[in-house]
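Structure, as structure tokens:
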Amino acid sequence: MLNSPANFQVNGRAAARPYCMAIHHTELETPPGREPLPEAERPKLDTLRERLQPLKELPGSSIEALYAAQELFSYVPPEAITMIAEELKIPESQVFGVATFYTMFSLEPQPPNVLRVCRDLSCHLAGAPKLIGALEQELGVPRGHASPDGQFIVKVVSCLGLCDMQPAMLVNLDQHGPVMPDDVPNLLDDIRNGAG
Amino acid sequence: MELVVTRNFGNPKPWTLASYRESGGYEALERVLKEMSPEDVTELIKASNLTGRGGAFFPTGLKWEFVRKDPKTPRYVVVNADESEPGTYVNRLSLELDPHMTIEGMIIAAYASNAERGYFYIRGEYGLSHERVKAALREAYDAGFLGQGICGRDDFNLEVEFRRGAGAYIVGEETALFNSLEGKRGNPRFKPPFPTNFGVWGLPTAINNVETLAAAPAIVMKGAEWFKDLGIGDAAGTKMYCLSGNVVNPVCVELPLGVSAREVIMDHGGGVPEGRTLKGFKPGGASSAPLTPAELDAPLEPKSMAELGTIMGTGGVVVFDDTACMVDVAYRDALFFEDESCGFCIPCREGTPNLVQICERILHGQGTMDDLDLLEELGASMMASFCGLGHFAHQPVRGAVSRFREEFEAYIHGGHRRAET
């Protein structure tokens, strides 16, 4: 649990915590409703702290900081949000707000291959629904869920600006298109073999 | 016809400094720094009638002048490469193939608006663009086109920082982009004050689209009259039009601003696939209301598009053939805006899901004729939105109803049932 106003202390005496005041954790805590970082992953927090140091010189770099966390953990764990707030000296609520505003950040652990398939107009007309269906069938899970082998997740997203390759998709940040439903098994194999 | 912003695309490795220099790159910057004052540059750009290619078509020279005349310092120049309009990929091609042209334009903009700091902001999904632009910025620094004392001029410095977004359409709105640069949620800010006086970090900021900046070096080299004459009629210069949807060749072509939709779709896109007929098209991305084949000869430029009740937008032409269902098209656009509304103001946050619900109702055969009136009413209340997203989100749906009303009525009267995709 977060420090509640009741047990907030100043100089050893109980005090009311101002609403806007940042909480400085001696030990990073997990907000209610979110899983704490697994024990095995915790050493990476030191790496994150190191990577945040150069960002202190760049005002407004919270997006880069969140990218750094996501690169290390595959997602943005609650402990990373607290650490970014402390290191960059910005309110934790702002970091959380940024992490939830931008669609490329995930607050849940993600498989190594995130397949972003465009669902907007041009790709839709060019057959995106069939492509999404083929991916779901081949992976055996609906969009938004990790595949049973833990390697893939399909996300149906807004226009990727790849309309010249309609229907298009991103494998992490690599552009693919046009991808026809028949291409899906080979594409997934290529990614599994590291050639995606 | 003469190409302006895409002229280097066919060169070998056009994204490198060596290739860009070989085709005359950075000569415009050198000329500006040797022969022209910042006032000369803004006068030249004003005379060329170059306007913002991101879709607002605001006079670029005027923008730079406003920034220069604001006494607050440091002033900023920002490249807006948060291209996210569905059906639009022109900036992506420029960034991947010729990033130096935009950088040169950015430096010229900084000189004209007396700015000493800059940001190059690219949307998060454009991975290849990130690599190419970062490499190009490094090359420009190494060659002395960026940094302190540019081209030997002790009085002209420009420090540029590369930034990337992380997936948000609304950040393409300039004030939302400033918030994003400041490390905040990408909610738009109230205007006025305008970016030219109160931009990133509250300082005067010249924020321009990639294509706008990329046109600046050519104007310096060849003159304002030359650029103006490239356009058709009153429209000045060229525009990158990009095609997608039910079209044979989904390609991007640079053509005179004011070219007809017929030329873009039929001559360059190869029309609709064989055996199908053209049903309609969108002139500029998802925000623009669709037009019918009867309007194919209308010039694709801001004024005539406004007269037709749509917008020129980004130049992302989306083509529909007879297999496309216009109710479904309207529904797709509504879904997009529902997803991309930032949730800050009520008319947009509540209006966009309502658009989706009404479209869904009609698609499922449960709509009534009152729903069509309700769409009009909803659109009118969404005009109270805080920023342009809410002002435009209902236009594609209402535009589809006004031009393809019979399709909506067919659903309402039970003529159509369509499976959910």
Side-chain angles (χ1 to χ4, degrees), chain A residues 55 57-67 70 76 84 88 90-91 93-106 116 118-130 132-133 155-168 170-175 177-178, chain B residues 83-93 123-128 130 161 163-169 171 179-187 200-201 242-247 249-252 282 285-286 316 318-321 323-324 328-329 332-333 335-336 339-340 342-343 396 421:
Chain A
L55 298 181
E57 310 297 318
L58 301 175
S61 51
S62 58
I63 291 182
E64 280 308 314
L66 288 163
Y67 269 125
Q70 182 150 295
V76 183
I84 291 168
L88 301 186
I90 44 180
S93 60
Q94 186 183 324
V95 184
F96 186 75
V98 171
T100 50
F101 186 87
Y102 297 93
T103 55
M104 290 177 76
F105 296 126
S106 170
R116 290 190 168 83
C118 171
R119 59 96 221 263
D120 276 322
L121 206 48
S122 310
C123 286
H124 181 75
L125 293 169
K130 285 193 183 123
I132 297 164
K155 294 192 173 183
V156 177
V157 299
S158 292
C159 183
L160 294 166
L162 302 173
C163 325
D164 49 343
M165 309 180 205
Q166 56 182 14
L170 286 182
V171 178
N172 297 324
L173 282 184
D174 294 333
Q175 306 166 355
Chain B
E83 174 180 70
S84 313
E85 183 71 33
T88 311
Y89 50 94
V90 295
N91 292 169
R92 194 192 95 239
L93 296 179
R123 70 178 293 195
E125 290 90 340
Y126 280 4
L128 184 57
H130 300 163
E161 204 183 305
R163 285 292 181 89
R164 58 182 163 163
Y169 169 76
V171 171
N179 277 341
S180 185
L181 283 173
E182 294 178 12
K184 301 176 187 152
R185 291 165 68 89
N187 294 330
V200 65
W201 307 112
C242 59
L243 283 148
S244 60
N246 302 133
V247 65
N249 307 313
V251 292
C252 176
K282 271 177 183 273
V318 187
V319 183
F320 311 115
D321 67 18
T323 61
D328 193 34
V329 165
R332 291 288 134 191
D333 291 336
L335 276 178
F336 171 77
D339 242 31
E340 297 298 340
C342 78
T421 43

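A note on names: the letters A, B, ... follow the listed sequences, proteins ahead of strands, and every chain is numbered from 1.
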Examine whether an atom of [X] lies under 4.5 Å from a heavy atom of chain A, and if so say whether it belongs to the side chain, the backbone or both; otherwise answer neither.
| X | result |
| --- | --- |
| R123(B) | side chain |
| V171(B) | side chain |
| N91(B) | neither |
| C252(B) | neither |
| E125(B) | both |
| E340(B) | side chain |
| V318(B) | side chain |

- request: For residues Y67(A) and A166(B), report the shortest heavy-atom separation together with the two atoms involved.
  value: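 Y67(A) and A166(B) have their closest heavy atoms at OH-CA, 3.3 Å.
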Pairs of heavy atoms under 4.5 Å with chain A: top-ranked of [options]:
| options | result |
| --- | --- |
| G167(B), G343(B), C342(B) | G167(B) |
| G87(B), G316(B), S84(B) | G87(B) |
| E83(B), H130(B), E182(B) | E182(B) |

query: To the nearest 0.5 Å, what is the distance between CE (M104(A)) and CZ (R164(B))?
result: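 Here the interatomic distance stands at 8.0 Å.
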message: Once rounded to the nearest 0.5 Å, what's the spacing between atom OG of S158(A) and atom CD of E85(B)?
response: 11.0 Å
Part of [X] lying under 4.5 Å from any heavy atom of chain B:
| X | result |
| --- | --- |
| I132(A) | neither |
| D164(A) | both |
| L170(A) | side chain |

How about [X] and [Y]: do any of their side-chain heavy atoms sit closer than 4.5 Å?
| X | Y | value |
| --- | --- | --- |
| R119(A) | D339(B) | yes |
| F336(B) | L121(A) | no |
| F101(A) | S180(B) | no |

K130(A), NZ atom: more than 12 neighbouring heavy atoms under 6.0 Å: no
query: Just by modelled atom types, is the G97(A) backbone N or O under 3.5 Å from a matching donor or acceptor in the R185(B) side chain?
result: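 Yes.
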